[in-house]
Amino acid sequence: MDMHGDWGTLEESFSDIYYNAQETIDNVRENFDIRRWYTAEGKDIVINGVHERCLVQLSSNPLRELTDYRKIQCPITADVRRGYYVEYENSVWIIDTNVADIDGAYFSARMSRCQYILRWQDKDGSIVERYGYSSDQTKYSNGESGNSIILVGDNQYGLLVPVDEKTKTLHRGMRFSFDFDDADTPDIYKLTNRKIKLNDEEMYDRGGTMQLSFSFTEFNSDTDKKVALPNGRTVWICDYKDYSITEESQKYKIDISFRGKPMIVSGGNAKNFKAILQDEVSDSNPQFTWNVTTLPGLEKLVTHTVRDDGSIDIKAAYDSRLLGTEILLSVSYKNSSQDLYVTIGGGI
C-alpha cells in the first residue's frame, strides 16, 4: 500500500498517512510517463495514423520473445481500440485484444504483426487493401459441405482484419489472391466463412476484429487480372472490372425479341418487338430509341407505336405494293444499336 513518507503518529488520520485513489493513479501515471520517455521500452509508434509515445514489451518468456506479438502500454489520452493498426519496426501490426484501462493511468493491449495484405475491388471500382494477421487453418477446419459430400479442408487460410465499413462488405464466395505479386498463375482462395461477432466491440464504440476463413479454389484467367496500384506496384485482383471503360464509351449487346418469324402481315394485326439488353446495366428502366425505315413512298402505309414498357408495335396497311418488301427496324441504347430486317407478307 502506498503511503506518504513517514508513518506519522496515531493521532493522524488514514488520509494523512496513505495515498488516496487519485494520488495513487497520479503516481502510477507519473511512473508510466517516466518509463515511456526515459527507458529502452519507450518507443515512438503510430496508432491509427496518430503518433504516440508508448511502452512496447516483448514476452518475459525467452521461448516466446521471437513471436509476432507485442504488449503495448499507451497513455490514457491515446485513442486505442481493438482492430486499430499500429506502425512499428517498419511493419504494420493489428491490436487483436481488448484494450484494458489500467485504473485510469494508462491503456494496455496486445498487437500482432500482420503478414498479408488482402486486396479486392469495391463497387466503385477502387482497390481496397487491408492488412491482416494470417494463420494456417487446414488442421482446424471441419471442411465445406457440397450436397451430401463433405469436402475435407485443405490448403485453408485464416485472416484477422479490423471491422470497418469496407470489411463489412466482404461476403462468402468472394475470391482473393494468396500468392506472390509476380506469380504467373497465382493461388486463388475464396472466402468461405466470416466470424464477425467474436471480437466486435462496435456496440461499445471500441472497434473490433473479424476472423475470415479462405479455401483454395481455381484461377480464372478471364476475370483475375494484374492491376497497377497508384504506388506503382502491380498486384493480382480477382474478378476485376476495368472501370476505365466509361459507361458512355461502353458497347452494349442488344437483342430484338418477337414471336414467330420476323414478318408482318399486310392488313393484319400489329406485331410487337421488344429490345433486351444482354449486359448488366445500372439502369432499372433502360430507355430505348426505335426507328422504322420503309421503302420511299410507302412510309404512310407502315405505322408504329411505342408502348410504356419500351417495346414497339408495328402495323402494315393492306396494299399490294408492300408485299415482299422489307422494313429496317433499328433500336438504340446510349451509343449501341441493333438492326433487324422485317418482311411484309400477305395474309393466309
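These numbers come from a predicted model, not from an experiment. This chain uses plain numbering: 1 for the first residue, then up along the sequence.
Checked for salt-bridge contact, Asp79 and Arg81 meet the test: a charged N lies under 4.0 Å from a carboxylate O. Contact check on Asp96 versus Arg82 returns no salt bridge, with no Lys/Arg side-chain nitrogen under 4.0 Å from an Asp/Glu carboxylate oxygen.
Side-chain atoms of Arg29 come within 3.5 Å of backbone N or O of Gly104 as a donor-acceptor pair.
By the ring-ring contact (aromatic ring centres under 6.0 Å, His included) test, Phe288 is found to be paired with Tyr333, residues two or more places apart in sequence or in another chain being considered. When the side chain to side chain contact (heavy atoms under 4.5 Å, CB included) test is applied to Arg307, the partners found at least two apart in sequence or on another chain are Asn272, Asp309, Ser311, Asp313.
Ring centroid separation for the pair Phe219 and Trp236 comes in under the 6.0 Å cut-off. If you look at Phe216 and Tyr189, their ring centroids are closer than 6.0 Å.
Residues Leu340 and Ile327 form no side-chain contact, since every pair of their non-hydrogen atoms from C-beta on lies 4.5 Å or further apart. Using a 4.5 Å heavy-atom cutoff, the side chains of Val92 and Val86 are not in contact.
In this structure, Lys300 NZ and Asp319 CG are separated by 13.5 Å, a value rounded to the nearest 0.5 Å.
A donor atom on one side chain and an acceptor atom on the other are not found under 3.5 Å apart for Asn27 and Glu23. Side-chain N/O atoms of Thr294 and Glu299 include no donor and acceptor closer than 3.5 Å. Between the side chains of Gln278 and Asp255, at least one donor N or O sits under 3.5 Å from an acceptor N or O.
Within a 6.0 Å radius of OH in Tyr131, no more than 12 heavy atoms belonging to other residues, nucleotides or ligands are found. The number of heavy-atom neighbours closer than 6.0 Å to CG of Asp308, taken from other residues, nucleotides and ligands shown, is 12 or below.
Each side chain to side chain donor-acceptor pair (under 3.5 Å) pair with one or both residues in residues 37-50, not counting sequence neighbours, appears once here: Arg35-Glu41, Glu41-Gln57, Asp44-Arg53.
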